[in-house]
Amino acid sequence: MFKQHILKMSSKEFEKLSKFVHTGFLFLAALLFTIAFLVQFSDYANIILLLSIVFAIFSIILIDSINKALRYILHKEKDLKKYRAFLEAKQSSLKNWKIHKVLRAESYLNFAILTFHEGNFRESIAFLDKITIDTFPRLSRKAMAIEKSFLLAFNYLLLGESVQFEIYYQNLLNIEGNKKVTLLKNRYLTFLETFRDLLLLEKENHFFDDRPEEGILSDYFKLYCSGLNAKLMGDNKSAKKYFGELAKGSSDFYFVREAKYQLAAVTN
């Protein structure tokens, strides 16, 4: 609802909004709930209670819009500088608020994703190590465990540390849950297996071949893997095509820098 307006904000404006939503609005809603309880026999109790519910709902909508805006900046705009500025603004708005344990854990996850895409794999691992799965609500713990194990495995894979990769790959493999959890897990396992085959085992894996380009960040992975497959098959013409297309992106992204390196290798 508010996503488009948020996307036009500066990082300073975004920080003020985040602080207002995560502190002021929720505090005001809690205060109104308390007042409604204390004056429950008053004629105004129902009005105060209704106002507190409206405030709480509005804050939840704003928080959802903030998260959607952040995902849009990363996956559609593919702007890591803006993504970092907004994440840092959001993190700043949560300073000294110990009640926001889940929000802090989500912040660590967002920074882990950011630093991964920047190619700062050790830093990404450090953020992931700060995340305690039990911090999250019970219903979302399995999904968060999958996200954490996947990112840890992917970081170690790109660092070339096969032993550590295998540890977190197995951790991911051993997570059990309902159908939704299983689908998410299998998707990430297939993703990791594709990159493992291409980078560690140096064998073809055409998982991305039938996936259409969607104009989002996952296209970077498709182009990179297609380029590696072509290179392994000795098809330098196709490899140059895929790496050349990816190389047009922002060099802030690790995979874009790698594409430029690979492009130079198959051109010479």
Side-chain angles (χ1 to χ4, degrees), residues 70-87 109-128 147-162 164-165 168-169 172 187-233 235-268:
L70 287 171
R71 287 194 294 270
Y72 188 90
I73 291 167
L74 178 63
H75 291 280
K76 293 288 285 184
E77 293 184 351
K78 305 185 189 78
D79 189 338
L80 282 186
K81 286 187 174 68
K82 184 177 179 180
Y83 187 64
R84 174 176 281 280
F86 273 41
L87 284 185
L109 179 61
N110 286 333
F111 274 104
I113 292 169
L114 166 68
T115 48
F116 167 81
H117 285 296
E118 290 175 336
N120 299 319
F121 305 123
R122 296 290 181 196
E123 190 175 350
S124 180
I125 291 168
F127 278 117
L128 292 166
E147 291 278 356
K148 181 177 178 179
S149 293
F150 165 72
L151 276 171
L152 283 167
F154 208 175
N155 274 301
Y156 282 116
L157 176 62
L158 294 176
L159 285 168
E161 298 184 17
S162 57
Q164 289 297 108
F165 163 76
Y168 291 104
Y169 174 84
L172 180 57
R187 175 188 169 197
Y188 281 151
L189 284 171
T190 305
F191 200 94
L192 289 173
E193 288 159 4
T194 300
F195 276 86
R196 178 199 61 195
D197 290 349
L198 290 166
L199 296 174
L200 288 183
L201 305 180
E202 295 186 348
K203 70 176 185 179
E204 298 169 35
N205 187 310
H206 297 275
F207 166 69
F208 284 102
D209 285 5
D210 297 325
R211 293 170 65 93
E213 292 189 22
E214 302 173 85
I216 58 177
L217 189 57
S218 61
D219 290 347
Y220 282 7
F221 301 127
K222 173 181 170 62
L223 289 169
Y224 187 69
C225 289
S226 296
L228 289 179
N229 273 316
K231 184 179 176 182
L232 288 169
M233 292 187 293
D235 184 357
N236 282 358
K237 182 178 179 181
S238 294
K240 280 191 276 188
K241 170 190 163 188
Y242 293 123
F243 288 135
E245 185 65 27
L246 179 51
K248 295 176 185 177
S250 169
S251 293
D252 291 336
F253 285 91
Y254 167 80
F255 283 104
V256 173
R257 297 196 300 273
E258 278 296 296
K260 291 178 179 179
Y261 170 80
Q262 294 286 354
L263 181 61
V266 297
T267 301
N268 296 331

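- For the pair N236/T267, no side-chain contact is recorded, criterion being any heavy-atom separation below 4.5 Å from C-beta on.
- Atom-to-atom distance recorded for S149:OG and F154:CZ is 14.5 Å, nearest 0.5 angstrom.
- Ring to ring, Y224 and Y220 are not that close: their centroids are 6.0 angstrom or more apart.
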Query - C225/F207 under side chain to side chain contact (heavy atoms under 4.5 Å, CB included): CA gap, chis, key distance, verdict - result: CA-CA 9 Å; C225 289; F207 166 69; over 6 Å; no
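- Checked against the 6.0 Å centroid threshold, F195 and F255 count as a close aromatic pair.
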Report task. For the pair F127 and L109, evaluate side chain to side chain contact (heavy atoms under 4.5 Å, CB included) and give the outcome as yes or no after the intermediate values. Result -> CA-CA 7 Å; F127 278 117; L109 179 61; over 6 Å; no
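- Between Y242 and A230, the shortest heavy-atom contact is CD1-CB, 4.5 Å.
- To the nearest 0.5 Å, atom CG of residue L200 and atom CD of residue E193 are 12.5 Å apart.
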Requested in this report: Would you check, one step at a time, whether the test side chain to side chain contact (heavy atoms under 4.5 Å, CB included) holds for L217 with F253?
Outcome: CA-CA 10 Å; L217 189 57; F253 285 91; 3.5 Å; yes
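- Partners of Y169 according to the ring pair (Phe, Tyr, Trp, His ring centres under 6.0 Å) rule, which considers only residues two or more places apart in sequence or in another chain, are F165.
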Got a list of side-chain donor-acceptor pairs under 3.5 Å for residues 111-122, not counting sequence neighbours?
from: T115; atom 1: OG1; to: F111; atom 2: O; distance (Å): 2.8
from: T115; atom 1: OG1; to: A112; atom 2: O; distance (Å): 3.2
from: T115; atom 1: OG1; to: S124; atom 2: N; distance (Å): 3.4
from: E118; atom 1: OE1; to: R84; atom 2: NH2; distance (Å): 2.9
from: E118; atom 1: OE1; to: N120; atom 2: ND2; distance (Å): 3.1
from: E118; atom 1: OE2; to: R84; atom 2: NE; distance (Å): 3.2
from: E118; atom 1: OE2; to: R84; atom 2: NH2; distance (Å): 3.4
from: R122; atom 1: NH1; to: E161; atom 2: OE2; distance (Å): 3.2
from: R122; atom 1: NH2; to: E161; atom 2: OE2; distance (Å): 2.2

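- Identified under the salt bridge (Lys or Arg N to Asp or Glu O under 4.0 Å) test for residues 194-208, with sequence neighbours left out: none.
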Query raised in the report: side chain to side chain contact (heavy atoms under 4.5 Å, CB included) between I125 and L159: does it pass, once the steps are laid out?
Result: CA-CA 11 Å; I125 291 168; L159 285 168; 3.9 Å; yes
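- There is a side-chain donor-acceptor pair under 3.5 Å between Y188 and E147.
- Put simply, the side chain of L74 reaches to within 4.5 Å of the side chain of L80, judged on heavy atoms.
- For the atom pair CG of L128 and CG of L151, the computed distance is 5.5 Å after rounding to the nearest 0.5 Å.
- Sorted by first then second residue, the side-chain hydrogen bond (donor to acceptor under 3.5 Å, both in side chains) pairs that include residues 249-261, not counting sequence neighbours, are K81-D252, S250-D252, S251-K260.
- Closest approach of S226 and D209 over heavy atoms only: OG-OD1, 4.2 Å.
- Contacts of E77 classified as salt bridge (charged side-chain N to carboxylate O under 4.0 Å, His left out), with partners at least two apart in sequence or in another chain: K82.
- The heavy-atom pair separating L70 from F86 by the smallest distance is CD2-CB, 3.7 Å.
- When ring centroids are compared, F191 and F221 come within the 6.0 Å threshold.
- In this structure the side chain of L192 never reaches within 4.5 angstrom of the side chain of Y168, judged on heavy atoms.
- Applying the side chain to side chain donor-acceptor pair (under 3.5 Å) rule to K248 yields the partners E245; only residues at least two apart in sequence or on another chain are considered.
- A distance of 5.0 Å separates OH of Y156 from CD of Q164, quoted to the nearest 0.5 Å.
- Under the 3.5 Å distance criterion, the side-chain polar atoms of N229 are matched with a main-chain donor or acceptor of N205.
- V256 approaches A247 most closely through the heavy-atom pair CG1-O, 4.0 Å.
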